[in-house]
Amino acid sequence: MPELPEVETARRGIAPSVLGRRLERILVREPRLRWPVSAALPQLAAGQQICDLRRRAKYLIFDLERGSLLLHLGMSGTLRLLPHDIAPVAHDHVDIVLDSGLCLRFNDPRRFGSLLWTAEDPLTHTLLRQLAPEPLDEVFDGAYLTRVAKGRRVAIKQLLMNSRLVVGVGNIYASEALFRAGIRPLRAAGRITHAQFDALAAAIKEVLHEAIRAGGTTLRDFFDPEGLPGYFKQALYVYGRGGEPCRICKKPIRQIVQSGRSTYFCPGCQH
DNA sequence: ATGGGCACCTGGCTGC
DNA sequence: TGCAGCCAGGTGCCCA
């Protein structure tokens, strides 16, 4: 479900309600997530103030006074802000109850999401340590992509979805960024020119910024913490548009499968 | 080192 | 209607 813009939308929606508040308690109704939620986690986190709420790739990091919570939304996870006494519905797995009477409720039908505790610097956690630089940071540019793609035969779309090389770009925005940069998703990464990588890095930043501004992309079940959908779907050029005419050249958008996942591109605009 | 395929889950949609 | 089959926004891990 969520790519970087959707996670960032969640972070911005939640931040005003959680920053500086005390985390009263955590209620785990279903610990069987991607990794089992530690039975000790509620006690480790309870009673502490929430000092910061950060995002690293698609992880949300709740920094408490003595340790951090790492939350990943997986494919189908959402966070909602609710009065704590609202009755839970199906797949409401975790409540983070605040001293304001509000609670942050994590719902995740597929349970690919995760909630972890770390007492160390979260950026050194096993799952975060190896992640590529943030795509919206300055160090992420055409020179960076050229460097990491050097000698690689893997298709550029798959490279964009390798979290050791690029983070935050999932299946929707990989297709969208490649369209904007005019690059075919099947092109071997190592054979793309520096100039094309300049265009691709710029396209990634642009599409992520625009999607964040629109509150993310809602295909089916993404809603922000207030329960509102994202409005970026109408701005998609290729994703989910197989067979429909390209918005630029009118040729039909093609849908192919790479690594078992759908890829969309325009045969007229991308080379 | 690199790359490919599988695994983890539920639900919604399509077509018989 | 019912149901089988396929697809879905992620990513860690095992194997060649």
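Below, chain A is the first sequence line, B the second, and so on; all start at residue 1.
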Does [X] put a side-chain nitrogen or oxygen below 4.0 Å from OP1 or OP2 of [N]?
X: A:S76; N: C:dG9; result: no
X: A:R164; N: B:dT2; result: no
X: A:S163; N: C:dG12; result: yes

Base of B:dC9 paired with side chain of A:R110 (donor-acceptor, under 3.5 Å):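 Answer is yes: a donor-acceptor pair is held.
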
Scan [X] against the nucleic acid and name what it touches under 4.0 Å (heavy atoms): base, sugar-phosphate only, or nothing.
X: A:R261; answer: base
X: A:S259; answer: nothing
X: A:Y173; answer: nothing
X: A:F232; answer: nothing

Atom pair distance, as rounded to whole Å: NZ in A:K157 and P in B:dG3: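 Going from NZ in A:K157 over to P in B:dG3 covers 16 Å.
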
P-based separation of B:dG5 from C:dC7 [nearest Å]: 15 Å

Integer angstrom distance from the P of B:dC9 to that of C:dC3: 24 Å

Among C:dA8, B:dG3, C:dG12, the one nearest A:Y239 by side-chain distance: C:dA8

Closest nucleotide among C:dG12, B:dG4, C:dA8 to the A:Q158 side chain: B:dG4

Single hit among A:R25, A:R105, A:H84 for side chain to side chain donor-acceptor pair (under 3.5 Å) with A:D95: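 Going through A:R25, A:R105, A:H84 one by one, the side chain to side chain donor-acceptor pair (under 3.5 Å) with A:D95 is satisfied by A:R105 alone.
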
Qualifying residue for side-chain contact (heavy atoms from CB on, under 4.5 Å) with A:F62, from A:L23, A:L104, A:L70: A:L104

Pairing partner of B:dC9 (Watson-Crick or G-U wobble, both distances under 3.5 Å):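 Across all strands, not a single nucleotide pairs with B:dC9.
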
Pair partner, C:dG9 [Watson-Crick or wobble, under 3.5 Å]: none

B:dC8 base stacked by A:F112 (centroids within less than 5.5 Å, tilt under 30°): yes

DNA chain B: 5'-proximal contact among A:H91 and A:R34 (nearest heavy atom):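 That would be A:R34.
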
A:F232 and A:Y173, any side-chain heavy atoms less than 4.5 Å apart: yes

